[in-house]
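Structure record follows, encoded as structure tokens.
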Amino acid sequence: MATTLEPIAQPKIHQTECFIGGRWTPSVSGKTFETINPATEEVIAQVAEGDAADVDLAVAAARKAFEQGPWRKMDARDRGRLMHKLADLMEEEIDELAALETLDNGKPIRDSRNADLPLAIDCLRYYAGYADKIHGQTIPVRGNYFTYTRREPMGVAGQIIPWNFPILMVAWKWGPALAAGCTIVMKPAEQTPLTCLRLARLAQKAGIPDGVINVVPGYGPTAGAAIVKHPGVDKIAFTGEHRTAQIIMRDASETLKRLTFELGGKSPNVVFADADLDAAAAGAHFGLYFNQGQCCCAGSRLFVEEKIYDKFVERLSALNEKRKLGNPLDPETEQGPQVDQDQFNKIMHFIDLGKQQGAQCVNGGKRFGNRGYFIEPTMFTGVTDDMAIARDEIFGPVLSVLKFKNLDEIVQRANNTVFGLAAAVWTRDVGKAHHLANNVRAGTVWVNCYDVFDAAAPFGGFKMSGMGRELGERGLDAYTETKTVTMSLA
Ligand code: ADP
């Protein structure tokens with residue numbers, strides 16, 4: 001199939017500059033970088049390349065807005081109202097935003113329009129509702145004192161996000177920060193800066209005061225590191241690779257910043273012989289290939305009980321063969337390109353390693369088409385726990401299918417990884433489901449489903465998959481400090 005692009009909705013590019021203190025400005029250095037359409041490998045736009053000098057200006061604007069501006073002090077209900085307004089504006093522009101996301105990231109329009117955007121809007125609304133419900137406690141203490149706690153905004157939040165869910169990551173980060181009364185310096189990923197900039201424009205239109213949200217596009221080791229090291233930033237919320245988190249932890253140690261991390265995974269997806277096999281096959285397919293396999297919680301280690309292994313692999317193979325690849329702006333397309341050449345090369349390298357180490361490549365394994373970073377849905381069988389494709393995060397459409405014999409063995413093998421972001425189990429036996437849910441070391445466990453997200457349900461990792469939780473009431477902890485006030489009643 002050729003990958004010629006006949007765009008159904010070419011979105012307009014309005015914003016390509018830094019957004020600082022409510023103003024759009026070129027980078028101080030005047031430098032720009034290209035953002036590429038991964039489906040065609042063509043340049044979409046030149047974007048301002050911010051670095052330390054731009055971060056200085058953004059932090060100054062965010063500090064001023066935090067310390068002097070109305071944001072933190074305004075009636076919390078009004079903060080919530082402005083957040084609702086931003087969600088309303090996103091809903092009004094939902095088609096345009098979805099198309100822009102698809103253009104910059106390559107994800108199919110059916111996903112950006114029906115998953116990313118609704119989830120992002122819902123997340124902002126969820127936290128808008130929390131703005132006036134963040135409060136402390138009164139605490140009975142010994143002696144003649146009155147003690148209470150206040151939950152105060154943490155200050156200026158530095159937020160660094162990845163390219164796999166650009167709009168959704170903005171919502172996950174802005175939602176709790178804005179509700180808590182923090183101000184923000186955000187760096188979108190260099191591969192996908194366009195929708196974050198567009199949302200900053202909508203935030204201004206919604207009436208969120210200047211300086212509350214600042215966006216500095218640019219690269220990680222320059223703009224990102226400058227945010228992490230800046231003494232005017234109180235906390236860092238980061239989503240990305242665990243190796244980057246290790247650098248951030250070191251860089252943030254000088255100023256002892258609060259850190260929340262949402263990192264990678266190698267999530268086990270366990271299918272028992274007694275499961276509804278059609279549902280399990282559909283779930284395993286979706287759990288890995290959704291978003292071109294570029295999900296931190298992708299079910300990339302699929303464990304199938306020995307007695308149904310061959311039958312299950314056949315079902316999966318049929319689903320893989322049917323998957324529609326092509327122009328991501330076509331509503332029929334199920335799988336678009338990988339985000340860039342680097343990711344494409346990395347995934348192809350893992351496919352080579354899988355073959356070299358003796359796994360059987362049952363589907364795919366090759367580039368799709370002749371332009372754009374498309375990779376066929378790839379499935380390896382006969383995978384063993386020690387192979388690179390069973391150990392390392394591939395972040396692409398490559399499924400490893402492993403065999404298991406019984407419940408005791410599977411818990412130990414599921415946990416045999418440095419990661420602990422998510423896991424799933426497919427079975428009709430509630431005993432087995434609970435055994436796995438209780439014993440697998442992961443932040444989220446799905447039973448007879450996969451990738452079910454809700455703004456109200458906390459998400460984050462055990463082990464090297466993260467620190468802290470996003471979403472839900474717990475997500476606010478990352479943006480508030482508790483202050484204890486004790487008053488003498490004598
Ligand atoms: P990915 O492999 O998903 O691109 P990264 O961890 O490299 O994951 O990138 C996630 C985000 O972290 C991006 O916005 C990137 O620019 C940023 N980043 C990369 N390196 C650093 C760094 N040293 N300091 C701060 N941010 C960084």
Side-chain angles (χ1 to χ4, degrees), residues 18 27 31 33-36 38 47-52 54-55 58-59 104-107 157-170 172-174 184-197 199-200 214-230 233 235-255 257-266 291-298 300 337-347 349-350 373 392-396 419 421 461 464-467 470:
C18 303
S27 63
K31 283 203 270 185
F33 65 99
E34 292 174 342
T35 185
I36 306 273
V47 176
E49 184 189 329
D51 59 26
D54 307 277
V55 167
V59 174
D104 210 11
N105 168 281
K107 64 175 67 202
Q159 303 184 323
I160 299 173
I161 57 170
W163 45 260
N164 58 341
F165 292 94
I167 289 183
L168 190 58
M169 290 299 104
V170 170
W172 283 27
K173 300 279 184 283
W174 288 5
I184 293 167
V185 176
M186 172 168 273
K187 192 197 85 62
E190 53 273 30
Q191 295 87 345
T192 54
L194 296 178
T195 46
C196 176
L197 292 168
L199 293 182
N214 305 275
V215 180
V216 181
Y219 291 100
T222 49
I227 296 173
V228 174
K229 290 177 187 163
H230 205 294
V233 173
K235 80 149 274 138
I236 296 292
F238 167 77
T239 300
E241 268 197 63
H242 70 284
R243 289 183 195 85
T244 312
Q246 290 167 330
I247 298 171
I248 289 178
M249 213 173 207
R250 281 196 288 272
D251 283 350
S253 67
E254 190 72 22
T255 45
K257 286 192 177 60
R258 283 93 183 101
L259 299 173
T260 38
F261 290 153
E262 200 261 275
L263 311 174
K266 192 75 190 171
N291 209 37
Q292 295 63 247
Q294 302 167 145
C295 296
C296 46
C297 55
S300 52
Q338 309 309 127
V339 79
D340 65 9
Q341 185 75 55
D342 285 352
Q343 290 296 319
F344 177 92
N345 294 346
K346 183 180 141 195
I347 296 161
H349 174 65
F350 274 111
Y373 311 116
D392 296 326
E393 187 177 37
I394 302 175
F395 227 64
F419 297 113
L421 191 58
M464 287 179 81
S465 287
M467 265 171 57
E470 292 188 293

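Remember, it's 1-based here, ligands and their atoms both numbered in the order they're listed.
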Practice prompt. For ligand 1, note which part of Arg243 has a heavy atom under 4.0 Å away: side chain, backbone, both or neither.
Written response: neither

Item to complete: Using a 4.0 Å heavy-atom threshold (strictly under), name the region of Ile227 that reaches ligand 1: side chain, backbone, both or neither.
Response: neither

Keeping the roles fixed (side chain from [X], backbone from [Y]), state whether a donor-acceptor pair exists under 3.5 Å.
X      : Y      : value
Asp51  : Ala223 : no
Lys266 : Phe419 : no
Asn291 : Asn164 : yes
Ser465 : Leu263 : no
Asp54  : Val216 : no

Nearest neighbour in protein (non-hydrogen) for [atom]:
atom                    : value
atom 23 (N) of ligand 1 : Ile247 CG2, 3.8 Å
atom 25 (C) of ligand 1 : Gly224 C, 3.4 Å
atom 8 (O) of ligand 1  : Glu241 N, 3.6 Å
atom 12 (O) of ligand 1 : Phe238 CE1, 3.2 Å
atom 27 (C) of ligand 1 : Gly220 CA, 3.3 Å
atom 13 (C) of ligand 1 : Ile161 O, 3.5 Å

Discussion item. Could you measure the distance from the CD atom of Glu241 to the CD1 atom of Ile248? Nearest 0.5 Å is fine.
Written reply: 11.0 Å

Worksheet item: Rounded to the nearest 0.5 Å, how far apart are NZ of Lys187 and OG1 of Thr222?
Response: 7.5 Å

Close-contact set for ligand 1 against [X] heavy atoms, below 4.0 Å:
X      : answer
Thr239 : 10 (C)
Ile160 : 11 (C), 12 (O), 14 (O), 17 (C), 25 (C), 26 (N)
Gly240 : 6 (O)
Ala225 : 24 (N), 25 (C)
Ala189 : 14 (O)

Item to complete: Check whether any protein heavy atom sits under 4.0 Å from atom 16 (O) of ligand 1.
Response: yes

Discussion item. What I want to check is whether the side chains of Thr35 and Asp104 have a donor and an acceptor closer together than 3.5 Å.
Written reply: yes

Worksheet item: How are the rings of Phe395 and Trp163 set to each other: parallel, tilted or perpendicular (split at 30° and 60°)?
Response: perpendicular

Nitrogen or oxygen of [X] less than 3.5 angstrom from that of ligand 1:
X      : answer
Lys187 : yes
Thr244 : yes
Trp163 : yes

Worksheet entry | Test side chain to side chain donor-acceptor pair (under 3.5 Å) applied to Thr260 and Lys173, Gln159, Lys235, the passing residue | Lys235

Worksheet item: Does some side-chain heavy atom of Trp172 sit less than 4.5 Å from a side-chain heavy atom of Thr239?
Response: no

